[in-house]
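Letters go in sequence order (proteins before strands), and every chain restarts at 1.
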There are 2 protein chains.
Amino acid sequence: MQANFVLWGVHLRVVGICDSKSLLVASDVLTTELDDTTLTEVCLVKLKGSSLLTLGNSGQCKVFSNPEAMGKIIDVATLLGRSTGLAFIDCSASSETIGVLNQVVDLGCCVVMANKKPLTSSMEDYDKLLAYPRRIRHESTVGAGLPVIASLNRVLSCGDPVHHIIGSLSGTLGYVMSEVEDGKPFSQVVKSAKSRGYTEPDPRDDLSGMDVARKALILARLLGQRIDLDNIKVESLCPEEMGPNIMHVEDFLVNGLPLLDKGIQERVEKASSNGNVLRYVCVIEDSRCEVGIQELPKNSPLGRLRGSDNVLEISSRCYNQQPLVIQGAGAGNDTTAAGVLADILDIQDLFVRQ
Amino acid sequence: MQANFVLWGVHLRVVGICDSKSLLVASDVLTTELDDTTLTEVCLVKLKGSSLLTLGNSGQCKVFSNPEAMGKIIDVATLLGRSTGLAFIDCSASSETIGVLNQVVDLGCCVVMANKKPLTSSMEDYDKLLAYPRRIRHESTVGAGLPVIASLNRVLSCGDPVHHIIGSLSGTLGYVMSEVEDGKPFSQVVKSAKSRGYTEPDPRDDLSGMDVARKALILARLLGQRIDLDNIKVESLCPEEMGPNIMHVEDFLVNGLPLLDKGIQERVEKASSNGNVLRYVCVIEDSRCEVGIQELPKNSPLGRLRGSDNVLEISSRCYNQQPLVIQGAGAGNDTTAAGVLADILDIQDLFVRQ
């Protein structure tokens with residue numbers, strides 16, 4: 001990130017940066033900002049996996065550690081929230097940001113999230129966070145930078161009732177399901193996905209479906225469903241008796257995973273005999289929100305999906321015969337960052353004098 | 001359209017409506033608006049194909065005919081442009097709106113267009129219209145309500161360089177090209193498209209490719225190409241000697257069209273022998289902007305396209321291995337109106353007090 005971010009004449013002032021333990025903030029947030037030198041130092045420190053605390057104070061900026069940092073964040077939000085529409089950007093994967101985000105929203109700040117946790121906590125937290133919906137953007141929580149949330153919001157905003165959403169929102173599971181379709185054993189495909197870096201270090205984090213369930217919850221809540229993560233029917237591709245508390249990851253990969261091959265193979269063959277393929281999808285309609293394997297026509301946008309692309313199909317009054325389809329890379333640092341930046345620019349538009 | 005348009009708490013004030021010859025305007029645009037009764041009357045009058053002039057003055061509103069109407073429009077824009085961000089909505093298909101749109105932009109008004117003409121006139125007019133780009137929306141000019149422009153603007157705004165755009169942006173030609181792929185004669189497919197209401201009354205208006213060329217020009221200019229309609233290489237599917245100035249439409253359908261069958265059939269077969277299909281597409285990259293038939297892999301998003309859906313593939317730094325794909329119905333009154341309404345709400349967000 002650059003302080004003097006010049007892009008088609010856009011200048012973004014970065015006044016503070018947090019990591020899990022500390023806050024680096026411009027010496028006077030009203031008049032100064034973190035300059036390029038400081039921001040480059042921050043990048044180097046974080047690339048090494050060190051804490052912002054190692055940077056120390058300078059004329060340019062001050063560093064605060066917890067719990068002092070938290071008070072300082074609220075001070076900055078109070079100063080700049082209502083007056084400038086200061087945006088808080090949450091690119092963590094932590095539930096610990098929920099409290100502070102709810103506070104800064106109350107102080108008039110905008111919030112941009114790549115973090116799914118604040119949107120998939122309790123309905124009470126969700127309602128607090130969305131108290132001023134026009135100040136919230138979170139494109140990169142579903143399908144990374146793919147314009148899924150922006151497009152769905154457009155459909156909803158113009159009063160086109162959404163009947164049905166179905167999507168493949170895990171690049172990992174998308175890859176796995178399209179590879180087993182070719183007759184490769186499930187265990188081999190999962191191991192190959194792991195070696196290509198498509199999976200989490202423990203592939204059971206992907207196979208559990210919980211990441212997809214969080215994305216489904218975000219979409220379902222956008223459509224007005226007042227549900228929690230617990231209300232979603234989630235099909236895990238990893239049986240409970242092979243869970244992380246019972247088996248080590250290496251044990252799972254060598255001894256557990258191959259036991260799943262036959263079941264998957266039988267389902268693939270059954271689907272194929274119906275002219276269908278299996279896809280790991282989320283389905284959202286009316287009060288239904290489900291995540292799991294479904295048999296889908298080979299010749300549908302989801303059935304034709306190959307590799308790790310995400311796909312979302314939206315059916316509505318306007319898109320009733322054929323769905324509105326959005327497809328593309330749904331993971332990766334670049335696309336996630338691009339989605340966050342587009343959100344920041346979009347939301348800051350609301351605060352620029354015309 | 002309703003005056004008291006209540007949608008998730010949104011109220012849109014409609015203060016005036018134009019047709020080609022006249023303007024109906026609220027009696028005092030500062031304090032009043034066109035009420036539901038008046039707007040319903042307007043709908044009935046226009047459904048019958050009559051002029052707004054038939055409505056006459058009332059306590060609620062006044063009717064002005066040209067040239068007085070034009071002066072009144074500028075008065076309203078002067079009063080409400082800078083103070084409220086008054087939006088002018090152009091759903092015509094006329095070049096005659098260009099002058100007034102350029103004037104109201106100067107007066108601080110927003111502009112929402114479904115009309116392609118103002119964006120595909122000279123670069124001089126384009127630059128005037130886009131003088132304040134944040135006040136302009138035109139989603140429904142390309143692919144009706146499909147979130148093509150919004151998504152492309154997001155990609156561009158976050159500095160993700162677009163390398164290549166390819167799209168099938170004519171439902172009519174999309175239908176024709178996917179039907180001839182099955183071996184049906186071109187002439188028969190065009191006639192069938194006409195009888196289904198997919199084509200313009202004179203199908204040569206579709207076959208000429210000029211509608212696609214205008215959409216391509218809008219996309220190319222968004223990407224920064226400073227070109228005019230004349231600079232686009234357009235392949236017409238109707239040879240000059242069968243043009244509207246030479247043959248009557250009936251003569252063309254009966255005697256002209258069948259002469260084209262053999263040529264198209266040969267191209268379809270040649271493509272098929274390479275494992276490809278033919279699609280009528282726009283291609284935009286670097287300084288290139290072309291519209292015409294291309295041979296494309298059967299297994300690409302465009303190659304798999306069937307029926308009258310539109311598809312746009314965007315390749316960029318973030319979407320380099322697989323493109324970002326947006327697909328769905330790209331024509332129809334409902335989707336076009338939905339796109340216009342989403343644009344209006346989006347742009348009015350900029351003028352609502354936070």
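Heavy atoms of A338(A) lying under 4.5 Å from chain B belong to its backbone as well as its side chain. Neither the backbone nor the side chain of N320(A) comes within contact range of chain B, judged by heavy atoms closer than 4.5 Å. Heavy-atom distances place the side chain of R317(A), and not its backbone, under 4.5 Å from chain B. Looking at D334(A), both its backbone and its side chain come within 4.5 Å of chain B, counting heavy atoms on both sides.
Of the charged side-chain nitrogens involved, none lies within less than 4.0 Å of a carboxylate oxygen, so that K298(B) and E181(B) do not count as a salt-bridged pair. Between R221(B) and D127(B) there is no salt bridge, since no side-chain nitrogen of the basic residue lies less than 4.0 Å from a carboxylate oxygen of the acidic one. Salt-bridge check for K128(A) with D106(A): failed, with every basic side-chain N at 4.0 Å or more from each acidic carboxylate O.
Of all the listed residues (I314(A), N299(A), V155(A), L146(A)), the one sharing the greatest number of non-hydrogen pairs under 4.5 Å with chain B is L146(A). Counting heavy-atom pairs closer than 4.5 Å to chain B, the top-ranked of the candidates R154(A), Q321(A), R304(A) is R154(A). Note on V340(B), D346(B), D343(B): by heavy-atom pairs under 4.5 Å with chain A, the leading option is D343(B).
Y175(A) and S192(A) form a side-chain donor-acceptor contact under 3.5 Å, judged by distance and modelled atom types alone.
At distances below 3.5 Å, not a single donor-acceptor pair connects side-chain atoms of S151(B) with backbone N or O atoms of V148(B).
Taking the side chain as every heavy atom from C-beta outward, I165(B) and S315(B) never approach each other to under 4.5 Å.
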